[in-house]
Amino acid sequence: MSLRDIADGIRSMEIRGAAEIARRAAEALRQEAMDYKGDRPGELWDVLQRGKEELLASRPTAVSLWNGVQSVFKGTSAQMASEELRVMVMDNADAFISRSRQAVEIIGKVGSKRIRDGDRVLTHCNSKAALSVIIQAFKDGKRVEAYATESRPWRQGLLTVRDLSAAGLRPTMVVDSAARWLMKDIDVVVVGADTICSNGAVINKIGTSQIALAAHEARVPFLVAAETFKFSPKTMYGELVEIEERDSSEVVRKGEVPEGTRILNPVFDATPPEYIDAIITEVGVVPPSAAYEIIVKELGHEFIFDRNEKW
Ligand code: RUB
């Protein structure tokens, strides 16, 4: 697949899920570097920068995409000879892809310990990190009852029940609006993340914050499974996370509602840190208040401000 095809695939959600879009973006840049045949100084750099901009413009919310692309460019510069740049970009992309796959496995192993035998576990949307926790607990021999929300409008819940069934579980699916009703029968909630802000707030599929609220009310632990590259250095710089809004045609078909009706289709929401009991990462289980430390230690964004600069 060309870089353009991958960017289009991310935009149309043929390629979806925060970790997967990051890996595919890294793969696209790797391919671009590999296919480059010229040797004009600066040319490959320009090609890759254009590719990077195109990929970053494909979906705005998941910081994994930004972190993934940044890690592909780690240690590179516009002045590098094209061969050196080519090799470095390819190596960085490979390292990111394999580290990110490994992270999902580790998250499963670590998170599984938070699931007890007989637990009824609710998840939302289709998060490979959250599923890794639930499936690993099942593989560890625990009797796990898995519940999935439908996750309108894209119905990622269908993918989730397929993933769970393929792993040998017998999942139950509910419509999104049943989450609070269901909470009385749930022992723990595990969801994924698209972005985790420096204050520990989690941005994930629309509806996540409602589920967190219902879990909080019912005193059901609410866990987030997320690789460290879901944490956002950009929020440390004060940037707000852009919540993607998609076309209304994903919610209603033409002619279904009266002319002039406004249909909103926000696809992510923010769950405040107060509603999150723990975040399960590949470097351990941390409270949401550790987000700043993760960004500094794992993503290397320590000296973000020039302390001598006047503000
Ligand atoms: C997917 C979604 C997932 C996170 C985490 O939204 O919100 O919970 O991306 O997924 P969409 P993962 O379907 O709109 O991309 O753990 O697989 O990275």
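All ligand and atom numbering here is 1-based and tracks the order in the structure. Please read all numbers here as calculations on a predicted model, not as lab measurements. Residue numbers count from 1 along this sequence.
Side-chain heavy-atom separations under 4.5 angstrom define the hydrophobic clusters, and the remaining members of the one that includes Met173 are Leu158, Val161.
Ligand 1 has Met13 within reach: a non-hydrogen atom of the residue lies less than 4.0 Å from it. In this structure, Ala62 has no heavy atom closer than 4.0 Å to ligand 1. Taking 4.0 Å as the cut-off, Glu244 does not count as a neighbour of ligand 1 on heavy-atom distance.
The shortest contact between atom 14 (O) of ligand 1 and any protein heavy atom is with Lys205 NZ, 2.7 Å. Ranking protein heavy atoms by distance to atom 9 (O) of ligand 1, first place goes to Ala18 N, 2.8 Å. Here the heavy atom of the protein found nearest to atom 16 (O) of ligand 1 is Ser127 OG, 2.7 Å.
Residues Glu105 and Arg101 fail the side-chain proximity criterion, which asks for heavy atoms closer than 4.5 Å.
Residue Ala19 has at least one nitrogen or oxygen atom sitting less than 3.5 Å from a nitrogen or oxygen atom of ligand 1, judged on distance alone. Considering backbone and side-chain atoms alike, Lys128 places an N or O below 3.5 Å from some N or O of ligand 1. Taking distance alone, with nitrogen or oxygen atoms compared against 3.5 Å, Glu227 stays at or beyond that limit from ligand 1.
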Show me the side-chain donor-acceptor pairs of residues 61-68 shorter than 3.5 Å, one per line, residues at least two apart or across chains.
residue, atom, partner, partner atom, Å
Thr61, OG1, Glu242, O, 2.6
Thr61, OG1, Glu244, N, 2.9
Ser64, OG, Ala18, O, 2.7
Asn67, ND2, Phe229, O, 2.8
Asn67, ND2, Phe231, O, 2.9

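A side-chain donor from one of Arg23 and Ser100 sits under 3.5 Å from a side-chain acceptor of the other. Between the side chains of Asn126 and Thr160, a donor-acceptor pair is found at a separation under 3.5 Å.
Here is the list of ligand 1 atoms found below 4.0 Å of a heavy atom in Asn204: 2 (C), 3 (C), 4 (C), 7 (O), 8 (O).
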